[in-house]
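Everything on this sheet refers to the single structure shown next.
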Amino acid sequence: MNILKDSFGRTFPYIRLSISDVCNFKCGYCLPNGYQIEKSDKRKFLHLDEIKRLAKCFYELGVNKIRITGGEPTIRKDFFDIIKVLKFEAGIQNVTITTNGYKLDKKAEQFVSSGLTGINISIDSLNKETFKNITGHDRLPEILHGIENLQNLGFENIKINAVLLNGVNSSINDFNTWAKYIKKNKVDFRYIELMRTGDNLDYFKKYHVSSNTFKEYLNENNWIYQTFGKDAGPALNYINPNFKGKFGIIAPYSKDFCKSCNRLRITSRGDLRLCLFGNTGINLRHLLQEDDQLNELKDLILKQMKFKKESHHLELGDTGSTKNLSKTGG
Ligand code: SAM
Ligand code: SF4
């Protein structure tokens, strides 16, 4: 079988698929003024049939995991049809989502019964006011309630992501608050270092902080660094037998971050992106129109793999063509 492999020996069993740029939140680092229709790009978001063909193609190229993201993926009307298609028609084993948790309390049951195998929920702070200040929405209680509902339904694979923001959610007190939460809750909580994108330079300068203080906190509090196999991806994970949950760090500016890259991205309009911060992006849509284009599509994607670079150059301020992460899904 032809599988996705680049010139540096990395393989790509994992796709992040954005299904919409639209979002209903206004996170300061991403869409501070909310979603604005992009007048220069009139293309519609991939429709269900295109998504099905794309997923079948990736399945045949060895992909076993697709994370659906956005924008906010759950506000798309055919969201649950998309999950069904990926899982039951294209045969993708692991279908997961990244969501801001909007209406999670009401949708938890449907998430579980849809066959999703994992849910990443973004919660930047457990403090209601801080959460509201960052996201522009006072929805923390419904999200936490939604997590309880997922847990009561026996759903196990829950991750919470927070963007680490200097002076906002980066104090020892914040770390302790999360520790208290994961002591009782079997969830993986990870801090993501704030990434600079085309749109957020001022915000980045004001709030970016290295995750080293959190790493020191983990070392001082008996958290043990856990290593996984080569397909584990770039997160650093920590365990502590006295806690039900785990801690983690996603540090894109760290030296070896790209070495363990195991994913490719597809934008909501069908561009293949070899790196979140690259300039390379070829549109696949013309080969998603008929079922019999499958082999041509596979060839095109395989040929693109030689253009995947060894590393991004975020540390040099090169954000590639990424204006904000609502376009490529973080
Ligand atoms: N709307 C969904 C959500 O917020 O989870 C999915 C899309 S969002 C772009 C995916 C992830 O990217 C979220 O966890 C978000 O916090 C993170 N993110 C967005 N902009 C970021 C930035 N500039 N630096 C680091 N993480 C960012
Ligand atoms: Fe929306 Fe997610 Fe961006 Fe926040 S991070 S504005 S929830 S797309």
Side-chain angles (χ1 to χ4, degrees), residues 16-36 38 45 66-76 79 96-104 107 111 118-125 130-140 142-143 146-147 158-166 168-170 187-211 233-235 248-254 257 263 265-268 273 276-277 312 314-315 317 319-320 322-330:
R16 287 214 177 164
L17 170 66
S18 173
I19 57 171
S20 169
D21 299 353
V22 180
C23 187
N24 49 355
F25 277 26
K26 296 179 181 176
C27 302
Y29 44 77
C30 183
L31 294 174
N33 304 313
Y35 173 72
Q36 319 276 328
E38 200 181 329
F45 301 135
I66 295 187
R67 173 174 297 287
I68 307 173
T69 176
E72 177 47 35
T74 62
I75 56 178
R76 200 168 139 158
F79 172 72
T96 64
I97 59 162
T98 300
T99 171
N100 60 22
Y102 174 69
K103 292 200 172 158
L104 185 59
K107 291 188 176 165
F111 281 154
I119 303 185
N120 279 20
I121 303 153
S122 303
I123 305 180
D124 290 326
S125 173
T130 311
F131 180 91
K132 186 174 160 198
N133 288 339
I134 298 172
T135 62
H137 283 268
D138 191 8
R139 289 188 175 269
L140 180 63
E142 84 182 30
I143 300 171
I147 294 178
I158 304 171
K159 295 192 173 89
I160 297 177
N161 295 331
V163 180
L164 186 65
L165 301 169
N166 199 14
V168 178
N169 62 3
S170 61
V187 301
D188 292 6
F189 171 81
R190 296 104 53 93
Y191 269 120
I192 312 175
E193 273 184 15
L194 175 63
M195 293 178 252
R196 179 175 158 187
T197 60
D199 280 352
N200 75 3
L201 180 59
D202 290 344
Y203 193 94
F204 177 83
K205 281 190 189 153
K206 194 165 171 195
Y207 294 114
H208 177 262
V209 61
S210 143
S211 50
I249 299 174
I250 300 175
Y253 291 90
S254 65
F257 186 75
R263 64 208 59 185
R265 294 161 196 276
I266 303 288
T267 69
S268 56
R273 296 284 297 270
L276 182 53
F277 294 101
H312 63 60
L314 257 191
E315 71 290 358
T319 55
T322 301
K323 279 197 195 167
N324 59 63
L325 295 198
S326 79
K327 297 195 161 305
T328 34

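Read the numbers this way: they start at 1 and go in the same order the structure lists the ligands and their atoms.
Between the side chain of E193 and the main chain of S210, no donor-acceptor pair closer than 3.5 Å is present. Of the possible donor and acceptor atoms, one in the side chain of T197 sits under 3.5 Å from a partner among the backbone N and O of K323. Panel note: side chain D21, backbone T267; no donor-acceptor pair is recorded below 3.5 Å.
In this structure, R196 falls outside the shell of residues with a heavy atom less than 4.0 angstrom from ligand 1. Contact analysis puts G71 in contact with ligand 1, with a non-hydrogen atom separation below 4.0 angstrom.
The N/O atoms of Y29, backbone and side chain alike, include one that comes under 3.5 Å of an N/O atom in ligand 1. Residue S122 has at least one N or O atom closer than 3.5 Å to an N or O atom of ligand 1. In terms of polar-atom proximity, defined here as any N/O pair under 3.5 Å, T69 makes no such contact with ligand 1. Considering backbone and side-chain N/O of S326, none are found under 3.5 Å from N/O of ligand 1. No N or O atom of L325 sits closer than 3.5 Å to an N or O atom of ligand 1. Considering backbone and side-chain atoms together, I192 places no N or O closer than 3.5 Å to any N or O of ligand 1.
Distances below 4.0 Å separate heavy atoms of V163 from the following atoms of ligand 1: 16 (O), 26 (N), 27 (C). Of all atoms in ligand 1, numbered sequentially from 1 with element shown, those under 4.0 Å from a heavy atom of E193 are 25 (C). Near F25, with a cut-off below 4.0 Å to any heavy atom, the atoms of ligand 2 are 6 (S), 7 (S). Residue E72 has at least one heavy-atom neighbour below 4.0 Å for each of these atoms of ligand 1: 1 (N), 2 (C). For ligand 1, the atoms sitting less than 4.0 Å from at least one non-hydrogen atom of N200 are 23 (N), numbered in the order shown with element in parentheses.
Contact annotation: C27 places an N, O or S atom under 2.8 Å from atom 4 (Fe) of ligand 2.
Side-chain contact check for S268 versus I19: every heavy-atom pair is 4.5 Å or farther apart. Using a 4.5 Å heavy-atom threshold, the side chains of H137 and K132 count as separate. Annotation: side chain of R190 is in contact with side chain of N120 (closest heavy-atom distance under 4.5 Å). When side chains are defined from C-beta on, L164 does not count as touching L194, because their heavy atoms never get closer than 4.5 Å.
Under the side chain to side chain donor-acceptor pair (under 3.5 Å) rule, N24 has a single partner from T74, N100, T135, which is N100. The only member of V209, I250, N161, N169 that meets side chain to side chain contact (heavy atoms under 4.5 Å, CB included) when paired with Y191 is N169.
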Working for side-chain hydrogen bond (donor to acceptor under 3.5 Å, both in side chains), residues R265 and S18: CA-CA 8 Å; R265 294 161 196 276; S18 173; over 6 Å; no
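The shortest contact between atom 3 (Fe) of ligand 2 and any protein heavy atom is with C30 SG, 2.4 Å. Scanning the protein heavy atoms around atom 1 (Fe) of ligand 2, the nearest turns out to be C23 SG, 2.2 Å.
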